[in-house]
Amino acid sequence: ASSKVVIEEFLHGIELSVFVLTDGKHFKVLPEAKDYKRIGENDTGPNTGGMGSVSPVPFADKSFMKKVEKRIIKPTIEGLIDEKIDYRGFIFIGLMNVKGDPYVIEYNVRMGDPETQVVIPRIESDLVEILASLKDQRLHRKTLKISNQVASTVVMVAGGYPGSYAKGKEINGLDEVGESIVFHAGTKIEKDKVVTNGGRVIAVTSLSKDLKDALELSYRSVEKINWENFYYRKDIGQDILALNNS
Ligand code: GLY
(Lines give C-alpha, C1' and ligand atoms only; values in the text may rest on other atoms or scores of the structure.)
Protein backbone atom coordinates (compact mmCIF):
# COMPACT_ATOMS: atom_id res chain seq x y z
CA ALA A 1 0.00 0.00 0.00
CA SER A 2 2.91 2.31 0.71
CA SER A 3 5.64 3.34 -1.68
CA LYS A 4 8.23 3.39 1.10
CA VAL A 5 9.99 0.47 2.76
CA VAL A 6 12.25 1.15 5.75
CA ILE A 7 15.11 -1.31 6.17
CA GLU A 8 16.52 -0.95 9.67
CA GLU A 9 19.10 -3.67 9.82
CA PHE A 10 19.88 -7.04 8.27
CA LEU A 11 19.97 -9.69 10.98
CA HIS A 12 22.03 -12.73 10.21
CA GLY A 13 21.42 -15.62 12.57
CA ILE A 14 19.10 -18.45 13.54
CA GLU A 15 15.50 -17.70 14.47
CA LEU A 16 13.72 -19.10 17.48
CA SER A 17 10.36 -18.63 19.17
CA VAL A 18 10.11 -17.74 22.84
CA PHE A 19 6.78 -18.03 24.66
CA VAL A 20 5.80 -16.15 27.78
CA LEU A 21 2.69 -16.51 29.89
CA THR A 22 1.67 -13.41 31.84
CA ASP A 23 -1.12 -12.49 34.23
CA GLY A 24 -0.45 -8.79 33.62
CA LYS A 25 1.88 -8.52 36.65
CA HIS A 26 4.01 -11.65 36.68
CA PHE A 27 5.30 -13.89 33.95
CA LYS A 28 6.67 -17.36 33.31
CA VAL A 29 8.83 -18.37 30.37
CA LEU A 30 7.57 -21.50 28.60
CA PRO A 31 9.84 -23.86 26.65
CA GLU A 32 11.32 -22.23 23.56
CA ALA A 33 11.02 -23.77 20.09
CA LYS A 34 12.33 -23.49 16.55
CA ASP A 35 9.99 -23.86 13.61
CA TYR A 36 10.62 -24.56 9.93
CA LYS A 37 8.62 -22.19 7.78
CA ARG A 38 9.59 -22.97 4.18
CA ILE A 39 7.93 -25.73 2.20
CA GLY A 40 11.19 -27.15 0.81
CA GLU A 41 14.07 -28.92 2.48
CA ASN A 42 17.07 -26.79 3.49
CA ASP A 43 14.63 -23.88 3.96
CA THR A 44 13.79 -23.37 0.30
CA GLY A 45 10.60 -22.42 -1.54
CA PRO A 46 7.61 -20.41 -0.35
CA ASN A 47 6.70 -19.76 3.27
CA THR A 48 4.06 -21.90 4.95
CA GLY A 49 2.32 -21.82 8.30
CA GLY A 50 5.11 -24.12 9.54
CA MET A 51 6.35 -27.54 8.44
CA GLY A 52 7.72 -28.80 11.75
CA SER A 53 9.33 -27.70 15.00
CA VAL A 54 11.61 -28.78 17.79
CA SER A 55 12.00 -27.92 21.48
CA PRO A 56 14.29 -27.19 23.29
CA VAL A 57 16.64 -25.15 21.10
CA PRO A 58 20.22 -25.88 22.26
CA PHE A 59 21.63 -22.40 21.62
CA ALA A 60 18.90 -20.91 23.85
CA ASP A 61 21.05 -21.77 26.85
CA LYS A 62 20.93 -20.16 30.32
CA SER A 63 23.05 -17.18 29.33
CA PHE A 64 21.08 -16.48 26.13
CA MET A 65 17.71 -16.82 27.90
CA LYS A 66 18.94 -14.50 30.68
CA LYS A 67 19.55 -11.84 28.01
CA VAL A 68 16.10 -12.50 26.51
CA GLU A 69 14.50 -12.10 29.93
CA LYS A 70 16.41 -8.95 30.89
CA ARG A 71 16.40 -7.15 27.53
CA ILE A 72 13.08 -8.25 26.07
CA ILE A 73 10.61 -10.01 28.37
CA LYS A 74 10.88 -7.77 31.45
CA PRO A 75 10.69 -4.50 29.46
CA THR A 76 7.72 -5.92 27.52
CA ILE A 77 5.75 -6.71 30.68
CA GLU A 78 6.74 -3.37 32.25
CA GLY A 79 5.68 -1.60 29.05
CA LEU A 80 2.26 -3.24 29.16
CA ILE A 81 1.86 -2.16 32.80
CA ASP A 82 3.09 1.42 32.07
CA GLU A 83 0.70 1.74 29.17
CA LYS A 84 -2.15 0.33 31.29
CA ILE A 85 -2.72 -2.56 28.94
CA ASP A 86 -4.26 -5.33 31.05
CA TYR A 87 -3.03 -8.27 29.02
CA ARG A 88 -3.28 -11.79 30.41
CA GLY A 89 -2.26 -14.67 28.20
CA PHE A 90 0.50 -15.87 25.90
CA ILE A 91 3.10 -13.63 24.31
CA PHE A 92 5.00 -15.15 21.40
CA ILE A 93 8.32 -13.44 20.69
CA GLY A 94 10.00 -14.29 17.41
CA LEU A 95 13.72 -13.72 17.94
CA MET A 96 16.90 -13.84 15.94
CA ASN A 97 20.03 -15.09 17.68
CA VAL A 98 22.73 -12.83 16.25
CA LYS A 99 26.10 -14.03 17.57
CA GLY A 100 24.63 -14.74 21.00
CA ASP A 101 22.47 -11.62 21.23
CA PRO A 102 18.67 -11.77 20.90
CA TYR A 103 16.89 -9.40 18.47
CA VAL A 104 13.09 -9.17 18.26
CA ILE A 105 11.59 -9.96 14.86
CA GLU A 106 7.93 -10.03 15.86
CA TYR A 107 5.44 -10.23 18.72
CA ASN A 108 2.20 -12.18 18.66
CA VAL A 109 -0.45 -12.44 21.36
CA ARG A 110 -1.02 -16.17 20.92
CA MET A 111 0.92 -19.42 20.88
CA GLY A 112 2.64 -20.52 17.67
CA ASP A 113 1.80 -23.30 15.25
CA PRO A 114 3.50 -25.80 14.97
CA GLU A 115 5.50 -24.66 18.02
CA THR A 116 2.57 -25.39 20.34
CA GLN A 117 2.76 -29.04 19.33
CA VAL A 118 6.26 -29.26 20.88
CA VAL A 119 5.95 -26.68 23.68
CA ILE A 120 2.78 -27.90 25.43
CA PRO A 121 3.80 -31.60 25.53
CA ARG A 122 6.94 -30.54 27.49
CA ILE A 123 4.89 -28.84 30.23
CA GLU A 124 4.47 -31.30 33.09
CA SER A 125 2.46 -29.01 35.40
CA ASP A 126 -1.31 -28.79 35.09
CA LEU A 127 -1.66 -26.10 32.44
CA VAL A 128 -5.36 -25.56 33.16
CA GLU A 129 -4.56 -24.64 36.77
CA ILE A 130 -1.85 -22.28 35.58
CA LEU A 131 -4.19 -20.64 33.06
CA ALA A 132 -6.89 -20.29 35.74
CA SER A 133 -4.39 -18.40 37.94
CA LEU A 134 -4.15 -15.61 35.33
CA LYS A 135 -7.64 -14.40 36.23
CA ASP A 136 -6.64 -13.46 39.81
CA GLN A 137 -3.05 -12.51 38.89
CA ARG A 138 -1.63 -15.34 40.98
CA LEU A 139 0.68 -16.80 38.37
CA HIS A 140 3.67 -16.25 40.69
CA ARG A 141 2.16 -18.79 43.13
CA LYS A 142 2.23 -21.53 40.47
CA THR A 143 5.11 -23.83 39.59
CA LEU A 144 5.83 -24.45 35.95
CA LYS A 145 7.55 -27.81 35.63
CA ILE A 146 9.20 -28.42 32.27
CA SER A 147 10.20 -31.87 31.07
CA ASN A 148 13.84 -32.50 30.14
CA GLN A 149 12.64 -34.53 27.18
CA VAL A 150 13.13 -33.26 23.67
CA ALA A 151 10.08 -32.83 21.43
CA SER A 152 9.87 -32.81 17.66
CA THR A 153 6.89 -32.42 15.36
CA VAL A 154 6.63 -33.10 11.63
CA VAL A 155 3.75 -31.53 9.70
CA MET A 156 2.16 -33.57 6.90
CA VAL A 157 0.57 -31.39 4.22
CA ALA A 158 -1.59 -31.87 1.17
CA GLY A 159 0.45 -32.07 -2.06
CA GLY A 160 0.49 -28.67 -3.73
CA TYR A 161 0.32 -26.67 -0.45
CA PRO A 162 1.01 -23.72 0.03
CA GLY A 163 -0.40 -23.39 -3.50
CA SER A 164 -3.66 -25.07 -4.50
CA TYR A 165 -4.37 -28.56 -3.19
CA ALA A 166 -7.15 -31.14 -3.03
CA LYS A 167 -9.36 -31.81 -0.01
CA GLY A 168 -11.46 -34.81 0.98
CA LYS A 169 -8.73 -37.46 0.66
CA GLU A 170 -9.10 -40.39 3.06
CA ILE A 171 -6.26 -40.55 5.62
CA ASN A 172 -4.94 -44.06 6.30
CA GLY A 173 -2.77 -45.44 9.08
CA LEU A 174 -3.76 -43.13 11.97
CA ASP A 175 -4.66 -46.13 14.17
CA GLU A 176 -1.21 -47.63 13.66
CA VAL A 177 0.55 -44.71 15.37
CA GLY A 178 1.41 -45.59 18.95
CA GLU A 179 4.69 -43.81 19.70
CA SER A 180 3.64 -40.25 18.79
CA ILE A 181 0.84 -37.77 19.35
CA VAL A 182 -1.08 -36.92 16.18
CA PHE A 183 -2.50 -33.37 16.18
CA HIS A 184 -5.27 -32.79 13.65
CA ALA A 185 -5.41 -29.41 11.88
CA GLY A 186 -6.83 -29.77 8.37
CA THR A 187 -8.98 -32.87 8.81
CA LYS A 188 -12.66 -33.69 9.17
CA ILE A 189 -14.84 -36.75 9.54
CA GLU A 190 -16.86 -37.68 6.49
CA LYS A 191 -19.01 -40.82 6.49
CA ASP A 192 -17.03 -42.22 9.48
CA LYS A 193 -13.71 -41.67 7.71
CA VAL A 194 -11.02 -39.11 8.56
CA VAL A 195 -10.34 -37.07 5.43
CA THR A 196 -8.11 -34.12 4.58
CA ASN A 197 -9.71 -30.71 4.84
CA GLY A 198 -6.87 -28.19 4.62
CA GLY A 199 -3.29 -27.60 3.50
CA ARG A 200 -1.50 -28.45 6.72
CA VAL A 201 -3.31 -31.64 7.63
CA ILE A 202 -1.67 -33.16 10.74
CA ALA A 203 1.37 -32.70 12.97
CA VAL A 204 3.11 -35.75 14.44
CA THR A 205 4.84 -35.04 17.76
CA SER A 206 7.24 -37.29 19.63
CA LEU A 207 9.09 -36.93 22.91
CA SER A 208 12.34 -38.65 23.72
CA LYS A 209 15.64 -38.32 25.59
CA ASP A 210 17.36 -36.53 22.70
CA LEU A 211 16.51 -34.85 19.41
CA LYS A 212 17.81 -37.65 17.20
CA ASP A 213 15.54 -40.14 18.93
CA ALA A 214 12.52 -37.82 18.97
CA LEU A 215 12.91 -37.21 15.23
CA GLU A 216 13.27 -40.92 14.54
CA LEU A 217 10.02 -41.58 16.42
CA SER A 218 8.18 -38.79 14.58
CA TYR A 219 9.36 -39.93 11.15
CA ARG A 220 8.56 -43.58 11.97
CA SER A 221 5.00 -42.53 12.79
CA VAL A 222 4.77 -40.26 9.71
CA GLU A 223 5.68 -43.25 7.53
CA LYS A 224 2.62 -45.10 8.82
CA ILE A 225 0.24 -42.34 7.69
CA ASN A 226 -0.71 -41.63 4.10
CA TRP A 227 -3.33 -40.30 1.72
CA GLU A 228 -3.37 -39.53 -1.97
CA ASN A 229 -0.71 -36.92 -2.67
CA PHE A 230 0.80 -35.90 0.66
CA TYR A 231 4.10 -34.21 1.44
CA TYR A 232 6.36 -33.57 4.44
CA ARG A 233 9.85 -32.23 4.95
CA LYS A 234 12.41 -34.86 5.76
CA ASP A 235 14.96 -32.48 7.27
CA ILE A 236 13.17 -31.15 10.36
CA GLY A 237 15.73 -30.67 13.16
CA GLN A 238 18.72 -31.55 10.98
CA ASP A 239 20.26 -28.07 11.34
CA ILE A 240 20.09 -28.40 15.13
CA LEU A 241 21.64 -31.88 15.04
CA ALA A 242 24.45 -30.45 12.86
CA LEU A 243 24.98 -27.59 15.36
CA ASN A 244 25.16 -30.11 18.21
CA ASN A 245 27.77 -32.11 16.32
CA SER A 246 29.87 -29.11 15.24
N1 GLY B 1 5.02 -20.76 13.47
C2 GLY B 1 4.92 -19.38 13.44
C3 GLY B 1 3.66 -18.81 13.89
O4 GLY B 1 2.84 -19.47 14.49
O5 GLY B 1 3.46 -17.63 13.65
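Position 1 is the first residue of the sequence, and the numbers go up from there. Read the numbers this way: they start at 1 and go in the same order the structure lists the ligands and their atoms.
Under a 4.0 Å N-O distance rule, the pair R88/D86 qualifies as a salt bridge. The residues R138 and D23 are annotated as not salt-bridged, no charged nitrogen and carboxylate oxygen being separated by less than 4.0 angstrom. Ion pairing between a basic and an acidic side chain is recognised when a charged N comes within 4.0 Å of a carboxylate O; K34 and D239 show such pairing. In summary, R233 and D43 engage in a salt bridge, as defined by a charged side-chain N under 4.0 Å from a carboxylate O.
The atoms of ligand 1 that sit less than 4.0 Å from any heavy atom of E115 are 1 (N), 2 (C), 4 (O). With ligand atoms numbered from 1 in the order given, ligand 1 contributes 1 (N) to contacts under 4.0 Å with heavy atoms of G49. Close approach to D35 involves these atoms of ligand 1, each under 4.0 Å from a residue heavy atom: 1 (N), 2 (C).
Put simply, part of R110 is less than 4.0 Å from ligand 1, judged by heavy atoms. Ligand 1 lies within reach of G112, whose nearest heavy atom is under 4.0 Å from it. By the 4.0 Å heavy-atom criterion, G94 is excluded from the residues contacting ligand 1.
Put simply, the side chain of R122 never gets that close to the backbone of A151: no donor and acceptor are under 3.5 Å apart.
Between Y232 and F230, the ring planes lie parallel to each other; the angle is under 30°, not in the 30° to 60° tilted range.
The distance criterion of under 3.5 Å between nitrogen or oxygen atoms is not met by E106 with respect to ligand 1. Polar contact check, D113 against ligand 1: a nitrogen or oxygen pair lies under 3.5 Å apart.
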